[in-house]
Amino acid sequence: MMKKYFAIDMPAVRFTWNTLVFSVLSLIPAVMIYVAMTPGFGGMLIGGGLPLSRFSRQVVTNGLPVVFVVNYVSFFLFALIVAKPSQTYGIRLVLLVDLPVRIVGVIVLHAVIYVLSADLFGSFGGSRATALRVVAPTLVRSIFFENISGAYLYATLISALPLYVMAIEYSRTLGGLAHRLPGRLGLVLVAVAFFSFSVLALTAFAKLLIWWQTS
């Protein structure tokens, strides 16, 4: 399925549109989960007005660009790899390409956005250093949906699930294990396991950044 929507010889407009659609479809459920898990937040948004306007703007101007850019880079690298007939793209595609791109991409984009917020809007006391220092703690908290960044983080990982399913299917070891279950259930379950691994990897990396900043 992924090769159908993301191919290196595809028109740039179509590739960009497909990436945007994937990003929006993954962002919507992630944002809904965040709202549902935040006490009283849903009721405040239902009331409309300024809270809904500000929240929607934050999601569109901050969250969607993060998810879109991470997805675009990841899907473009995927298209490059699978375009080569002799290139194998089993689970190594996930471990060596997609997973690092998503982890590093989420961290770097948050850092860039926070620094720009400090410069343009005076956030974090207008300090770039303060903005950079809060990136890692924010991402650690986002793992547990304690802030809106959690919705953006999980949206980027949800977008990768179809890619994980395809990579597992082409893997001799994991593909054989997954096919022991009926239909595509095994592929989905193993893909979800890699989803969990992605979350743990990002958590570990963020905590490493916290240790490095405080050492």
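In what follows, every heavy atom counts, from backbone to side chain, and hydrogens, waters and symmetry copies are set aside.
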>> Looking at F76, I want to see if its CZ is surrounded by more than 12 non-hydrogen atoms of other residues, nucleotides or ligands under 6.0 Å.
In response: no
> Would you say V112 and V60 are hydrophobically clustered, going by side-chain heavy atoms of ILVMFWY under 4.5 Å?
Replying inline: no
>> Are P162 and Y5 packed together at the side-chain level, in the sense that at least one heavy-atom pair is separated by less than 4.5 angstrom?
In response: no
> Which heavy atom in S142 sits nearest to a heavy atom in L153, and how many Å separate them?
Replying inline: OG-CD2, 3.6 Å
> What distance separates L45 CG from S53 OG, expressed to the nearest 0.5 Å?
Replying inline: 11.0 Å
>> Using the rule given for side chain to side chain contact (heavy atoms under 4.5 Å, CB included), can you reason through Y72 versus L20, listing the C-alpha separation, both sets of side-chain angles and the distance that settles it, and then say yes or no?
In response: CA-CA 8 Å; Y72 191 94; L20 179 62; over 6 Å; no
> What distance do L139 atom CG and N147 atom CG have between them, rounded to the nearest 0.5 Å?
Replying inline: 8.0 Å
>> Apply ring pair (Phe, Tyr, Trp, His ring centres under 6.0 Å) to residues F124 and Y114 and explain how you reach the verdict.
In response: CA-CA 8 Å; F124 312 105; Y114 283 9; 5.2 Å; yes
>> Could you walk me through whether T19 and F68 satisfy the side chain to side chain contact (heavy atoms under 4.5 Å, CB included) test, starting with their C-alpha distance in whole Å, then the side-chain angles of each, then the deciding distance to 0.1 Å, before giving a yes or no?
In response: CA-CA 7 Å; T19 303; F68 174 82; 3.8 Å; yes
> For the hydrophobic clusters of this structure (ILVMFWY residues joined by side-chain heavy atoms under 4.5 Å, transitively), does one cluster hold both W17 and V69?
Replying inline: yes
>> For a 4.5 angstrom cut-off between non-hydrogen side-chain atoms, does L163 reach S74?
In response: yes
> Regarding T138 and R141, is there a side-chain donor-to-acceptor distance under 3.5 Å anywhere?
Replying inline: no
> Can you check whether I148 reaches F55 side chain to side chain, under 4.5 Å on heavy atoms?
Replying inline: yes
> Which distance, rounded to the nearest 0.5 Å, do you find between the CG of L77 and the CD1 of I8?
Replying inline: 9.0 Å
> Out of curiosity, T16 OG1 to N71 CG, how far, rounded to the nearest 0.5 Å?
Replying inline: 12.0 Å
> With a cut-off of under 6.0 Å to the ring centre and 45° to the axis, is R102 in cation-pi contact with Y154?
Replying inline: no
> Would F15 and F75 satisfy side chain to side chain contact (heavy atoms under 4.5 Å, CB included), going step by step from the backbone distance to the final call?
Replying inline: CA-CA 9 Å; F15 192 101; F75 293 154; 4.0 Å; yes
>> Please report the interatomic distance CZ(R128) to CG(L116), rounded to the nearest 0.5 Å.
In response: 8.5 Å
> Which heavy atom in V31 sits nearest to a heavy atom in V59, and how many Å separate them?
Replying inline: CG2-CG1, 4.2 Å
>> Minimum heavy-atom separation for V134 and A131, please, with both atom names.
In response: CG2-O, 3.1 Å
> Of the non-hydrogen atoms in K4 and M10, which two are nearest, and what is the gap between them?
Replying inline: O-CE, 3.4 Å
>> Using a 6.0 Å cut-off, check whether atom CE of M44 has over 12 heavy atoms from anything other than its own residue.
In response: yes
>> Tell me the closest heavy-atom pair linking A155 and S26, and the distance in Å.
In response: O-OG, 3.2 Å
>> If I take atom OG1 from residue T61 and atom CZ from residue R57, how far apart are they, to the nearest 0.5 angstrom?
In response: 7.0 Å
> For the hydrophobic clusters of this structure (ILVMFWY residues joined by side-chain heavy atoms under 4.5 Å, transitively), does one cluster hold both F6 and V24?
Replying inline: yes
> Looking only at heavy atoms, what is the nearest atom pair of V67 and S159, with distance?
Replying inline: CG1-OG, 4.3 Å
